[in-house]
Each structure stands twice: as C-alpha cells, then as structure tokens.
Amino acid sequence: MPKLIKSQDPDALAADMIAEFIQQKPDAVLGLATGSTPIGIYKKLIEKNLDFSQVRTFNLDEYVGLSQSHPQSYYHFMQENLFKHTNIKKENINFLNGLVSDIQKETARYEDLMRQTPIDIQLLGIGTNGHIAFNEPGSPQDSTSRKIVLSQQTIKDNSRFFSPGEKQPEEALSMGIQSIMAAKQIILIAKGQNKTKAIHTALYGPSTTDCPASFLQNHRNCIFILDPHVDI
Ligand code: PGA
C-alpha cells in the first residue's frame with residue numbers, strides 16, 4: 001500500500017526528497033509530470049541550484065499534434081518550469097513525440113529507453129477521475145506507452161490552461177500503467193479538495209481499471225503526499 005503523508009507543504013517535502021536523491025545519485029533518472037500540481041516542486045528544485053548535468057528525465061505524456069515549441073506542449077511546459085533554469089543536457093531529456101506518424105514505433109522507442117534506463121523516482125499528479133499520466137479509467141494494469149483519447153472530464157479539467165477559442169488537443173501519447181509501475185519509487189502529489197474522491201478511491205477502493213491510480217496499491221515503494229485540503 002502507498003505510504004500516506006499529509007503535509008502543509010507538499011512542494012517542499014517532494015523537492016527535498018528529489019534533491020536529496022540527486023545529491024546521492026548525480027545521474028538520477030527522474031520521471032516527471034506536468035499540470036498545475038508539480039509547478040511548485042519545480043520552483044523549489046530550481047531554488048536549490050542542484051547539479052542536473054548528469055540527470056536524465058522521462059516525461060509522462062505529450063499531446064498529439066503539438067510541436068515541442070508549441071506553448072501548450074508539455075515539452076514547452078517543462079522547459080519553462082524547470083529545464084531552462086537548470087544545467088540539464090538536452091540529450092538527457094526524454095519525451096514522447098506527439099507529432100510522429102508512426103505511433104507504434106515512437107511508443108516502442110520510449111519503452112525501450114525506459115527499459116535501458118529505469119526510472120528511479122517517478123513524480124505523479126492525479127486526475128479528478130483517478131487518471132495517472134493520461135491513463136484514463138479503463139486503462140489496464142499491463143498497459144505500456146500508447147496513444148490515448150482523452151476523456152471529456154480530462155478535457156474539461158485541462159480547459160483552464162487554454163484561452164477561449166484555442167484548439168484543445170483531444171489525444172495524447174502517454175506512458176502506460178505498467179511503464180509507471182516499473183519506476184523504483186513513485187511520489188504522487190495531490191492538492192485541493194477536488195482530489196479527495198480520486199485519492200480515496202485510489203487508496204481504499206478496489207484495485208481496478210475504474211480508477212487507474214488504484215493500481216499504485218500494488219507498488220512496493222509509493223508515497224502519496226497530500227495537502228491539507230485533500231479530505232482524507
Ligand atoms: P493537475 O493535473 O496537476 O493540473 O491537477 C493532474 C493530472 O491530471 O494528473
């Protein structure tokens with residue numbers, strides 16, 4: 001079962017854990033997330049002025065059809081919120097490419113890379129519908145990286161990041177549940193009252209495809225860090 005930590009400051013706690021790890025293992029392999037949840041963690045990591053010169057990263061997901069330079073792409077998000085403020089090497093940043101025509105080949109490439117370079121710490125948020133990365137309800141435990149059609153709930157939740165009239169992608173490439181579960185350690189962060197139901201189901205519900213985060217119950221080294229607004 002995941003270890004549960006309630007914290008007044010999940011960002012500081014998660015950043016301290018990641019920083020300590022990088023100090024011990026300078027070539028740490030980090031699995032990184034986007035969305036509003038990790039922004040504060042990245043800010044704190046930047047403030048720590050860590051040496052990222054040997055750190056390798058894999059991001060969870062990317063929208064289909066957006067180039068890396070598109071302001072709404074997750075690659076761009078990572079550049080703005082973390083990478084450009086560190087000395088990470090471009091060649092050590094791994095991303096699914098949402099522009100490719102051969103998705104099978106692209107997702108196989110990503111899975112191969114993760115097998116060769118296993119993720120030490122995977123940072124995760126959680127969707128209000130219990131998704132992790134873009135693994136929407138219905139995603140099987142043995143799923144690997146693939147194209148996902150986003151649920152209406154996710155499209156609605158993420159609409160706040162898009163300006164009125166701006167086209168919002170409805171598909172993404174995402175690591176699968178199995179890809180995420182392969183990480184040696186998982187840190188899931190949830191903030192806000194609106195995550196209460198998803199967290200409750202993930203922790204105490206049955207481990208089923210209805211709530212993809214519930215599969216984390218089966219991980220050996222998983223921590224949930226919740227802010228005081230998550231009502232558990
Ligand atoms: P959020 O999204 O961090 O923007 O709340 C989390 C998620 O959908 O995984």
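First listed ligand is number 1; within each ligand, the first listed atom is number 1.
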With hydrogens left out, which residues have an atom under 4.0 Å from ligand 1, given that only heavy atoms count?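 Around ligand 1, where the cutoff is 4.0 Å for heavy atoms, the contacting residues are G35, S36, T37, G125, I126, G127, H131, R160, F161, K195.
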Please check if the distance between the ring centroids of F58 and Y110 is under 6.0 Å.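 When the ring centroids of F58 and Y110 are compared, they turn out to be within the sub-6.0 Å range.
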Using only heavy-atom distances, determine whether the side chains of N158 and Q168 contain a donor-acceptor pair under 3.5 Å.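 Not at all, the side chains of N158 and Q168 share no donor-acceptor pair under 3.5 Å.
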In terms of heavy-atom contacts, does NZ of K48 have more than 12 from other residues, nucleotides or ligands at under 6.0 Å?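 Correct, the count exceeds 12.
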Give me the ring orientation class for Y63 and Y74: parallel if the planes are under 30° apart, tilted from 30 to 60°, perpendicular past 60°.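 Tilted: the ring planes of Y63 and Y74 meet at 30° to 60°.
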Are side-chain N/O atoms of R146 and S179 paired as donor and acceptor at under 3.5 Å?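 There is no such pair between these side chains.
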Please tell me whether H131 and E136 have a donor and an acceptor in their side chains that are separated by less than 3.5 angstrom.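 Checked: H131/E136 side chains pair up, N/O donor to acceptor below 3.5 Å.
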